[in-house]
Amino acid sequence: MKNIIVTTSVKTTLELNDTAQKLADELNLKYIKRNKTTIKQLLETTKGVIVVYKNKLSYFENDSEFFFHLDTTALKIKNSDNEPLVEIIGKEKQSVLDCTMGLAGDSILLSYYGHIVTAIEKNKIIHLITSNGLKNYVSPSEEINKAMRKIITHNYDCIDYLKSTPDNSFDIVYFDPMFSHNIKESENLSGITPLADKSFPYEEFIKEASRVGKDKIIIKAHFKDNIFEKYNFTRIVRKNTKFHFGFLEINEKTKN
């Protein structure tokens with residue numbers, strides 16, 4: 001979080017200035033009055049800029065803007081009969097630990113269908129922007145709004161969180177590490193790229209997830225990724241898609 005400042009939109013109010021100042025104090029960051037300074041000008045002297053708008057938070061770094069939005073979540077909910085994540089988990093209410101929250105699209109989808117979702121995000125900026133969005137973003141669908149508000153989020157490294165969590169605490173442990181192959185079609189994720197953690201300790205994760213989970217570990221990864229075969233996940237092949245889901249049944253053998 002070093003070399004990051006907090007400011008407001010150009011059109012600001014005393015209330016917005018106060019909100020930005022309080023946020024900066026909470027994050028132990030410097031608050032800068034915006035005046036008419038451009039984001040580009042601010043980035044000349046700092047690594048990143050958190051901007052407080054009336055209805056959202058944004059984070060600017062380099063040429064990217066990261067802010068909360070529903071991405072394709074509403075479409076996924078509409079077409080949920082073809083969503084493998086929903087099919088793998090089933091209709092019965094499950095407790096789900098989403099270890100790689102990001103923009104929380106999958107967490108929202110699962111919460112919408114009645115599952116109890118806890119989402120973990122390692123990066124402080126991503127957690128800040130997404131958790132704020134889950135609390136405050138207003139969708140035209142009241143059911144989606146309810147689903148977002150129910151999600152519990154934590155700013156933790158998922159391995160640390162798993163290690164501190166008792167055995168059999170969740171039915172499902174889910175993770176969606178950043179794809180090992182770039183997906184050019186995912187322009188809606190471009191803002192998250194500078195913040196993404198490119199490495200993931202799979203073996204340690206699977207060991208801890210097998211202990212914490214009771215039913216399944218579920219992964220989403222690029223279709224060219226060898227993680228499915230390497231760690232014995234049952235792959236759900238999706239034609240004409242760049243990513244697949246896979247699941248690993250948790251039993252006494254995987255726990256040991």
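Just so you know, residue 1 is the first one in the sequence shown, and it goes up from there.
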Report yes or no: does [X] contribute a side-chain atom to a donor-acceptor pair with the main-chain N or O of [Y] at less than 3.5 Å?
| X | Y | answer |
| --- | --- | --- |
| D157 | I159 | yes |
| D176 | A221 | no |
| H222 | K224 | yes |
| S164 | Y161 | yes |
| E65 | F60 | no |
| R34 | N17 | no |
| S111 | M148 | no |
| D171 | S95 | yes |

Geometric class of the H69/F67 ring pair [parallel <30°, tilted 30-60°, perpendicular >60°]: tilted

Sub-4.5 Å side-chain heavy-atom contact between [X] and [Y]:
| X | Y | answer |
| --- | --- | --- |
| Y113 | I77 | yes |
| K93 | I116 | yes |
| I4 | I125 | yes |
| T130 | T153 | no |
| I5 | K47 | no |
| F247 | I236 | yes |
| L110 | Q94 | no |
| L29 | I50 | yes |

For [X] against [Y], the heavy-atom pair lying closest together:
| X | Y | value |
| --- | --- | --- |
| I88 | I218 | CG2-CD1, 3.5 Å |
| Y53 | S9 | CD2-CB, 3.4 Å |
| S107 | D98 | OG-OD2, 2.7 Å |
| N123 | E121 | N-OE2, 3.0 Å |
| A209 | I217 | CB-CD1, 3.7 Å |

Spacing of OG1 belonging to T8 relative to CD belonging to E15, to within rounding of 0.5 Å: 12.5 Å

For residues 132-139, please give each side-chain donor-acceptor pair under 3.5 Å, one per line with the distance, not counting sequence neighbours.
unit_1, atom_1, unit_2, atom_2, d
N136, ND2, N132, O, 3.1
S139, OG, S141, N, 3.0

same_hphob_cluster(L57, V51) at 4.5 Å side-chain heavy-atom cutoff: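 No; tracing contacts between hydrophobic side chains, which count when under 4.5 Å, never links both residues.
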
